[in-house]
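Read through the structure below, which is laid out as structure tokens, and then see the notes.
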Amino acid sequence: MVCDRYLPSSLVLQRVDGISIDEILAMNSGVPIPTLVVYVAPPPSTLRARLDSRGTVSRLEKLGGPERELAYYRDAFIVLKGRGWNQFWLDDVENDPTLTAELVLERFAAT
């Protein structure tokens, strides 16, 4: 199974709402650990341009913002790494989608 939202997203979006990491982890204590979590992190300027081009932003996007959300994803990566989660971080991704997919597939193959 592949999904685009899971505990890492909760560790970001619920923190934007003011919930502590410990509370979020407690609420999600029963979630299964995935085989691999992949973080694809473009630069904040790219995220800001994407948000601006949409014309509307969600409540959480207004509260969080790209810089804060990326920092929270880094925190999530560190917290979950400490809990033994297998993760892969692609930093400052400006690659074409094919190259990004190849990098992710290589990591899946190695898992």
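All figures in this text were calculated on a predicted structure; none of them were measured in a lab. For reference, positions follow the sequence shown, starting with 1.
We find the CG-CG distance between Leu90 and Leu103 to be 5.5 Å, quoted to the nearest 0.5 Å. Taken from CD in Gln14 to CG in Leu25, the straight-line distance is 10.0 Å, to the nearest 0.5 Å. Taken from OG in Ser10 to CZ in Arg15, the straight-line distance is 12.5 Å, to the nearest 0.5 Å. In this structure, CG on Leu11 lies 10.0 Å from OG on Ser20, to the nearest 0.5 angstrom. Note that CZ of Phe108 is 4.5 Å distant from CG of Leu36, once rounded to the nearest 0.5 Å. Annotation: the span from Asp17 atom CG to Arg59 atom CZ amounts to 4.0 Å, rounded to 0.5 Å.
Partners of Ser53 under the side-chain contact (heavy atoms from CB on, under 4.5 Å) rule, at least two apart in sequence or in another chain, do not exist in this structure. Every side-chain contact (heavy atoms from CB on, under 4.5 Å) that Arg48 has, sequence neighbours left out, goes to Leu51, Asp52, Pro66, Glu67. For Ile33, the side-chain contact (heavy atoms from CB on, under 4.5 Å) criterion is met by Trp85, not counting sequence neighbours.
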Apply side-chain contact (heavy atoms from CB on, under 4.5 Å) to the pair Glu102 and Leu99, showing each step before the final yes or no. CA-CA 5 Å; Glu102 288 172 2; Leu99 180 55; 3.9 Å; yes
Between Glu69 and Leu47, does the side-chain contact (heavy atoms from CB on, under 4.5 Å) criterion hold? Intermediate values first, please. CA-CA 10 Å; Glu69 288 183 24; Leu47 293 174; over 6 Å; no
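A side-chain donor-acceptor contact under 3.5 Å links Gln87 to the backbone of Phe77.
Cluster annotation: Leu80 and Leu13 are assigned to the same hydrophobic cluster (Ile/Leu/Val/Met/Phe/Trp/Tyr, side-chain heavy-atom contacts under 4.5 Å, transitive). Two different hydrophobic clusters hold Leu70 and Tyr39 under the rule that ILVMFWY side chains link at heavy-atom gaps under 4.5 Å. The cluster map of Ile, Leu, Val, Met, Phe, Trp and Tyr, joined by side-chain heavy atoms under 4.5 Å apart, puts Tyr6 and Val79 in the same cluster.
Other residues, nucleotides and ligands contribute at most 12 non-hydrogen atoms within 6.0 Å of the CZ atom of Arg83.
Closest non-hydrogen pair, Ala76 versus Pro8, comes out as CB-O, 4.1 Å.
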